[in-house]
Amino acid sequence: MTSIDDAKLESINVLRRAGIEPYPYTYSVSHHARAIRDGFSELEGREVSIAGRAMQMRQMGGITFIDIQDRTGRIQGLIRNNELDQKSLLVLTNSSIGDTLGIRGVVMKSKRGEISVGARELTMLSKTLRTLPNKWQGLTDTEARYRSRHLDLMMNQEVLKTFETRAKFMTHVRNTLDSRGGIEVETPILQDLYGGANAKPFKTTYHTLDDKQMFLRISDELYLKRLIVGGAERVYEVSKDFRNEDADTIHNPEFTQIEYYEAFSDYETFMKMMEEMLSSFALKTFGSLKVEYQGETIDFTPPFARMYWVEELKKITGFDVSSISDDDAVSINDSEKLGLKHPDRYHVADSLYDKYLKSKTFQPTFVMDFPTFMCPLTKIKRGNPKLAERFELYVGRMEVANSYSELTDPVYQRKMFENQEAERKKGDEDAPPFDEDFIDAIEYGMPPTAGIGISIDRPAMIFTNQTSIKEVILFPPMKTLPPEETLGKN
RNA sequence: GGGCCCGUAGCUCAGUCCGGUAGAGCAUCUGGCUUUUAACCAGGUGGUCGUGGGUUCGAUUCCCACUGGGCCCGCCA
């Protein structure tokens, strides 16, 4: 039943009896695999030490070939028994695929031309007790990969690359904001009141404050704006947000976005910023402004398209969603067969966009200007009071950023919160509660400000050519397995 | 919430249609082999067939329920 191998346990005993610790403290690594491959001409004949996991072994009697994998790739160790000391020989006879080994030796080529490290010394760095997945199919079962990410990483090295690219994107966004003078801050994840978005929160309690009801944040917007009121001028936060909703290929209940607020700017500023940020990342990472995604090409060459979606929708459907009432919404829900549970104007407008326009946003597209009733935190559009100055940036038909000219009028803001509160009482569970503290803050006066939330997960999908958000989240949430089946763990 | 597909050895899979209590490769163990790279050759170990129930003389196989996963649709930013 157990997949722990008795023979491997016995190897540990054999090594310890000979005074060799199978779980030592350190090892001095001089080169990674890729460095030896890339620098072979200079390194040939020189002594190096490498360390990594033994992924394959080919034993031929007096000679053994071991493929050592470190985070840069694999390199072959070439081990001749008659060139090893006693300790190394004992390590060799007690090693198996999956062990972490250190090899000190000379850079050389084998007779077949494979760049190798000709071993002088072999060191056990960590004896595995488990059996690795087989060497040619590897680990492919999606569930097993997500539940055992350690195995996934060792068997599928491109997974590490995916997360490296994700990290590079995050760094790139940070660099962009730092270069604009943004201060990186941290605001509460555990909040008394949630807001800044429409979503169901996770509820929790804080024991030492009389079991106070608290919420995991759905957004950090209202906190960052308090900092703008305070005079910070430019602030951003890498924000893990939590929304108590179903997961699918582009939604995860916890997700990462970077929110940035910039005083004295409006949403036009951020359209330029996003064009520059995404195009420079594509260029830096792929050497091109054109990125392959799922067999199609996304062109990040600025300027990005602008879709004035309310107008577009009017052309297609005849409805001006910026002027409809909730009663209109009910009849549109029927005539357009939207099938909404709560067919108010907010959800109907949103749903019409999804139905008719979302498919046209494969190339980077700013979806411009939303009806005011969809934007409780946004200034009205200059020249059209039915609209708000807000854009959502779509790439690959996914929303990757959401930005607006922030509402700074405290009296109007209070009215918008009151409207939301009314929606809430009508049964819209996603409408956030009234936040008197926030109103109090902006009553002191908030400068003109542009705000933006930049998704990390979805751009990571695009830049790593993935179709599921779970592929860019190291440990996606999974249901708990019944006690008996723990996927290879018993 | 609806539809489709899937769960058999550590991993990747066959077997299920047409019921007779399981098979391959890799890994692992034993032996052989001093330039292999999916090394090779010979032999061995390893499975309450996702869980529970039903039908049956007999169920991995048929039926029902449950459970976990994937994809699509719906809902949700």
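To find a chain, count down the sequence lines: A is the first, B the second, and so on, and within it residues start at 1.
- Contact annotation for Lys470(A): backbone-only contact, meaning every heavy-atom pair under 4.0 Å involves sugar-phosphate atoms and none involves a base.
- In this structure, of rU28(B), rU35(B), rG68(B), it is rU35(B) that holds the atom nearest to the side chain of Met108(A).
- Going from the P atom of rG69(B) to that of rU8(B) covers 15 Å, rounded to whole Å.
- If you take CD of Gln137(A) and C1' of rA9(B), they are 14 Å apart, rounded to a whole angstrom.
- Ring centroid separation for the pair Trp309(A) and Tyr356(A) does not come in under the 6.0 Å cut-off.
- Look at rU35(B): it lacks any Watson-Crick or wobble partner with both distances under 3.5 angstrom.
- Residues Tyr223(A) and Phe438(A) place their aromatic rings such that the two centres sit no closer than 6.0 Å.
- Between the side chain of Asp435(A) and the main chain of Tyr194(A), no donor-acceptor pair closer than 3.5 Å is present.
- If you measure from atom CG of Leu139(A) to atom P of rA9(B), you get 14 Å, rounded to the nearest angstrom.
- The residue Gly138(A) sits close only to the backbone: its heavy atoms come under 4.0 Å of sugar-phosphate atoms, none of a base.
- Ring pair Phe242(A)/Phe202(A) is perpendicular by interplanar angle, where above 60° counts as perpendicular and below 30° as parallel.
- Taking only side-chain atoms of Thr131(A), from C-beta outward, the nucleotide of rG10(B), rC11(B), rA39(B) with the closest atom is rG10(B).
- Set against rU12(B), rG68(B), rU37(B), the side chain of Glu143(A) has rG68(B) as its closest nucleotide.
- Ring orientation note: the planes of Phe463(A) and Phe169(A) are tilted relative to one another, at an angle of 30° to 60°.
- For Arg34(A), the CZ atom is loosely surrounded, since the number of other residues' heavy atoms within 6.0 Å does not exceed 12.
- Aromatic rings of Tyr404(A) and Tyr267(A) (six-membered ring for Trp) have centroids beyond the 6.0 Å cut-off, not under it.
- One cannot find a donor-acceptor pair under 3.5 Å joining the base of rU35(B) and the side-chain atoms of Arg58(A).
- Residue Met478(A) is classed as a sugar-phosphate contact, given heavy-atom separations below 4.0 Å to backbone atoms only.
- Comparing rU16(B) with rG7(B), their P atoms are spaced 13 Å from each other, to the whole Å.
- As the counterpart of rC17(B), no nucleotide is assigned, since no Watson-Crick or G-U wobble pattern has both distances under 3.5 Å.
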- For Glu312(A) and Met368(A), run side chain to side chain contact (heavy atoms under 4.5 Å, CB included): C-alpha distance rounded to whole Å, both residues' side-chain angles, the deciding distance at 0.1 Å, then the answer. CA-CA 11 Å; Glu312(A) 288 296 310; Met368(A) 302 290 300; over 6 Å; no
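- In the set rG25(B), rG68(B), rU34(B), the nucleotide with an atom closest to the side chain of Met60(A) is rU34(B).
- Across the C1' atoms, rC49(B) and rU61(B) are found 10 Å apart, a figure rounded to whole Å.
- Toward the 5' end of RNA chain B, the nearer of the two residues Ser110(A) and Leu151(A), judged by each one's closest nucleotide, is Leu151(A).
- If you take CD1 of Ile63(A) and P of rU37(B), they are 12 Å apart, rounded to a whole angstrom.
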Dump every N/O contact between nucleotides 74-77 of chain B and the protein below 3.5 Å, one line per pair.
| residue | atom | partner | partner atom | Å |
| --- | --- | --- | --- | --- |
| rC75(B) | OP1 | Leu338(A) | O | 2.9 |
| rC76(B) | O3' | Asp430(A) | OD2 | 2.4 |
| rC76(B) | O2' | Glu245(A) | OE1 | 3.3 |
| rC76(B) | O2' | Glu245(A) | OE2 | 2.8 |
| rA77(B) | OP1 | Asn198(A) | O | 3.0 |
| rA77(B) | OP1 | Asp430(A) | OD2 | 2.4 |
| rA77(B) | O2' | Arg243(A) | NH1 | 3.3 |
| rA77(B) | N7 | Asp350(A) | OD2 | 3.4 |
| rA77(B) | N6 | Asp350(A) | OD1 | 3.4 |
| rA77(B) | N6 | Glu392(A) | OE1 | 3.4 |
| rA77(B) | N6 | Glu392(A) | OE2 | 3.0 |
| rA77(B) | N1 | Arg390(A) | NH2 | 2.8 |
| rA77(B) | N1 | Glu392(A) | OE2 | 2.3 |

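- Atom CG in Leu78(A) sits about 14 Å away from atom C1' in rA39(B), given to the nearest Å.
- The separation between Lys479(A) atom NZ and rG70(B) atom C1' is 13 Å, rounded to whole Å.
- Aromatic ring centres of Tyr394(A) and Tyr353(A): separated by under 6.0 Å.
- Not a single donor-acceptor pair, N or O on each side, falls under 3.5 Å between the base of rU12(B) and the side chain of Asp141(A).
- The distance between atom CZ of Arg145(A) and atom P of rG70(B), rounded to the nearest whole Å, is 11 Å.
- Taking atom P in both rU60(B) and rG23(B), the straight-line distance is 14 Å, to the nearest Å.
- Straight-line distance between the C1' atoms of rG50(B) and rA42(B): roughly 37 Å, to the nearest whole Å.
- Checking the phosphate oxygens (OP1, OP2) of rU35(B), no side-chain nitrogen or oxygen of Gln76(A) falls inside 4.0 Å.
- Among the atoms of the strands shown, base atoms are found under 4.0 Å from some heavy atom of Gln59(A).
- Separation of the P atoms belonging to rU21(B) and rA59(B) is 11 Å when rounded to the nearest angstrom.
- The same atom, C1', is picked in rU55(B) and in rG44(B); the two are 40 Å apart, to the nearest Å.
- The side chain of Lys135(A) approaches rC26(B) more closely than any other nucleotide in the set rU34(B), rC26(B), rG69(B).
- The Thr142(A) side chain lies nearest to rG70(B) when the options are rU28(B), rU12(B), rG70(B).
- Partner assigned to rU67(B) is rG7(B), using Watson-Crick or G-U wobble distances below 3.5 angstrom.
- The separation between Lys8(A) atom NZ and rU45(B) atom P is 18 Å, rounded to whole Å.
- For the C1' atoms, the distance from rC73(B) to rC26(B) is 39 Å, rounded to whole Å.
- Considering only the side chain of Thr249(A), rC71(B) comes nearest among rU12(B), rG69(B), rC71(B).
- Within 3.5 Å, no donor on the side chain of Asn134(A) pairs with an acceptor on the base of rC26(B), nor the reverse.
- Look at NE2 on His150(A): it is 11 Å from P on rC11(B), rounded to the nearest Å.
- Remark: side-chain polar atoms of Gln157(A) are paired, donor with acceptor, to backbone N or O of Asp70(A) under 3.5 angstrom.
- Within the nucleic acid shown, Asn81(A) has no heavy atom closer than 4.0 Å to any nucleic acid atom.
- With a cut-off of 3.5 Å on both pairing distances, the Watson-Crick or G-U wobble partner of rG1(B) is rC73(B).
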